[in-house]
Amino acid sequence: MLTALIFTMLGAFAARLSRWMARRPRVGSALNIGAGLAFVASGLSILLLRPRA
């Protein structure tokens, strides 16, 4: 019962957040840019790792 309640609340929050973001396309663009920068940063950190001898 508790799991159903939590997932219901999570779904309601996600729907509300989705509607809010649909009205503000710059927020979605900023999140996409942030995610892209995070991927680039993680790729660079892997590239710059030095193997242990």
Apply side-chain contact (heavy atoms from CB on, under 4.5 Å) to L47 and list each qualifying residue two or more places apart in sequence or on a separate chain.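 L47 satisfies side-chain contact (heavy atoms from CB on, under 4.5 Å) with L44 only.
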Checking F7 now: which residues fulfil side-chain contact (heavy atoms from CB on, under 4.5 Å) with it, not counting sequence neighbours? T3, L10
Is a side-chain N or O of T8 found less than 3.5 angstrom from the main chain of A4, in a donor-acceptor match?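 Checking the backbone N and O of A4 against the side chain of T8, a donor-acceptor pair under 3.5 Å is found.
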Donor-acceptor contact below 3.5 Å, side chain S45 vs main chain S42: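 Yes, the answer is positive, given that a donor and an acceptor are paired below the 3.5 Å cut-off.
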Hydrophobic clusters join Ile, Leu, Val, Met, Phe, Trp and Tyr when side-chain heavy atoms are under 4.5 Å apart, directly or via other members; which others share one with F13?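 Members besides F13, by chain and number: L17, W20, M21, V27, L31.
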Taking the hydrophobic residues Ile, Leu, Val, Met, Phe, Trp and Tyr, and joining any pair whose side-chain heavy atoms are under 4.5 Å apart, which ones share a cluster with F39? none
Rounded at 0.5 Å granularity, tell me how far CD1 in I6 sits from CE in M1. 12.0 Å
If you draw a 6.0 Å radius around CZ in R24, do more than 12 non-hydrogen atoms from other residues or ligands fall strictly inside? yes
